[in-house]
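Predicted model, so just to flag it, every value in this text is computed and none were measured.
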Protein chains: 2
Amino acid sequence: MVRPGGRSARVQASVHTAVRELAAEVGRDALTVPMIAQRAGVTPSTIYRRWGDLQELLSDVAVERLRPDTAPRDHGALPADLTAWAEQFLDEMSSASGRAYIRDALLGDPDGGNAGQCSAYAAEQIDVILNRATERGEETPGVETVMDRVVSPLMYRILFRPDGLDAAYARGLVTGLLDPTGRWPGKAA
Amino acid sequence: MVRPGGRSARVQASVHTAVRELAAEVGRDALTVPMIAQRAGVTPSTIYRRWGDLQELLSDVAVERLRPDTAPRDHGALPADLTAWAEQFLDEMSSASGRAYIRDALLGDPDGGNAGQCSAYAAEQIDVILNRATERGEETPGVETVMDRVVSPLMYRILFRPDGLDAAYARGLVTGLLDPTGRWPGKAA
DNA sequence: ACGCTAGACGCAATGAATTTGCTTTAAAGT
DNA sequence: ACTTTAAAGCAAATTCATTGCGTCTAGCGT
């Protein structure tokens, strides 16, 4: 159990900032536990005891950075809200650092709790958007549907096929979900 | 560059089998490079020089195991083909070992080549199914659409939300893609 | 307010893994 | 067959991960 305050909290904070600083300075792949420990002013054994290994520590830091810091902007209509959110999501997640954070969050994650947290963050944001739309009287799909039709394809491509991924693709996913005039998008896509 | 034949090929093969054997014997998490080297009859430095680190080696082996060994079965109609394939895909990938392989493939993958290969395997299988359907005269979505609507949601949930994932969910994805009678599935889902 | 207790940290020693310079082997090209 | 050169073997040196033990302090009860 991690104690909420006092020295434990200071250690946790200084280790986390050490990770972020060093990741920016020497690159994420060059990080080592002793290096982080020295920057944070603690001994390596403290980190090993508390986090187990480097990957779990990185996973911890990654989840913190993947937490959205602000509610999604209100554009006055569901399509605009969802499109803007999807574009921003793609933009943040598909960057080199974003992908590294996602991978770290997935990686050092014995029980799957950290990855589930990431997914919960996205679901929360979408829920806010859908609730606003419902209050306006708009008809909306369920959160799970948006997760399946928008978030999943974005994340899949970010992880497995990072090439040729742009805002137009994100917009197309939202459009396909909200305006199903044609049955399927063109096969050429 | 890896030489295609002779000693290099023998080393590669013996290292790969050593990884598989030892993973089965002592568990994937207990693997170490020196252990693998000894079993394979090579020196650790050989592995480090060729693969860089344990994760890249595991990623290599994982991709090999994720390659489908057989063409998808022909059930005579697109919905049955896709449903059966999706159920089998989910079954294989959501098992403990399947998830471990996916994570390994994603992890030790600096350039994204291994992950792209996994995605290509799925796309290949789907392409076979769609081509058969087209030859039968059935109307089919494009490969990319199936990837977005079926493969992506399955993989996203396997990675981020492994709970409450069953064959019914996989069937629902295929149904939603092929029979869009209702606009969206129920919000309760 | 004061001491008690348990969890967390520092220190140091131990053992294992990684890295590296140099030599030797054996594919691939001529 | 000879030359070239990438890859493997070997061994030393470095770095990292792990663990036992003593100390400190946050949280708690009195």
Side-chain angles (χ1 to χ4, degrees), chain A residues 1-23 25-62 64 100 104 107-111, chain B residues 1-23 25-62 64 103-104 107-111 113-114:
Chain A
M1 202 69 60
V2 177
R3 299 192 179 187
R7 184 167 69 164
S8 293
R10 277 197 305 277
V11 167
Q12 154 137 354
S14 92
V15 168
H16 274 220
T17 62
V19 168
R20 283 196 294 273
E21 288 176 10
L22 287 171
E25 289 173 24
V26 305
R28 184 214 158 284
D29 291 337
L31 294 180
T32 68
V33 171
M35 182 188 295
I36 295 165
Q38 185 180 2
R39 172 68 64 103
V42 297
T43 61
S45 64
T46 295
I47 294 180
Y48 287 117
R49 279 192 215 281
R50 191 143 155 196
W51 281 278
D53 62 3
L54 179 60
Q55 288 187 348
E56 282 187 50
L57 170 56
L58 291 179
S59 183
D60 237 41
V61 175
E64 212 177 68
D104 286 340
L107 227 106
D109 200 13
D111 55 352
Chain B
M1 202 65 61
V2 177
R3 297 192 179 189
R7 184 167 69 165
S8 293
R10 277 198 304 279
V11 167
Q12 154 137 355
S14 93
V15 168
H16 275 219
T17 62
V19 168
R20 283 195 294 272
E21 288 177 10
L22 286 170
E25 289 173 24
V26 306
R28 183 211 159 286
D29 291 336
L31 294 180
T32 68
V33 171
M35 182 188 296
I36 294 165
Q38 185 179 1
R39 172 68 64 103
V42 299
T43 60
S45 63
T46 295
I47 294 181
Y48 286 117
R49 280 195 216 281
R50 196 149 150 190
W51 280 279
D53 62 2
L54 179 61
Q55 287 187 349
E56 283 188 50
L57 171 58
L58 291 180
S59 180
D60 243 37
V61 175
E64 215 176 65
R103 280 175 33 157
D104 285 340
L107 222 101
D109 200 13
D111 56 352
N114 283 346

Taking the nucleotide of DNA chain D with the nearest heavy atom to each, does B:R49 or A:G52 sit closer to the 5' end?
B:R49
Taking the nucleotide of DNA chain D with the nearest heavy atom to each, does A:S45 or A:T32 sit closer to the 5' end?
A:T32
D:dA8, C:dG10, C:dA27: which one has an atom nearest the side-chain heavy atoms of A:T46?
C:dG10
For the side chain of A:R28 and the backbone of A:L58, is there at least one donor-acceptor N/O pair under 3.5 Å apart?
no
With distance as the sole test, does B:N114 use its side chain to make a donor-acceptor pair with the main-chain N or O of B:D109 at under 3.5 Å?
no
Please report the distance, rounded to the nearest Å, between CD in B:Q12 and C1' in C:dA27.
15 Å
So how far is it from A:T46 OG1 to A:Q12 CD, rounded to the nearest 0.5 Å?
13.0 Å
Using whole Å, what does the distance between atom P of nucleotide D:dT19 and atom CG of A:D53 come to?
13 Å
A:I47 CD1 to D:dT18 P, straight-line distance once rounded to whole Å
13 Å
Residue among B:I36, B:T32, B:D104 satisfying side-chain contact (heavy atoms from CB on, under 4.5 Å) with B:L54:
B:I36
If you take atom types as modelled and just measure distance, does the side chain of B:R50 reach the base of D:dG9 with a donor-acceptor pair under 3.5 Å?
no
For B:Q38 and D:dG9, what is the distance between atoms CD and P respectively, to the nearest whole Å?
13 Å
A:M35 CE to D:dC16 P, straight-line distance once rounded to whole Å
7 Å
Here the distance between atom P of D:dT18 and atom CD of A:E56, to the nearest Å, is 11 Å
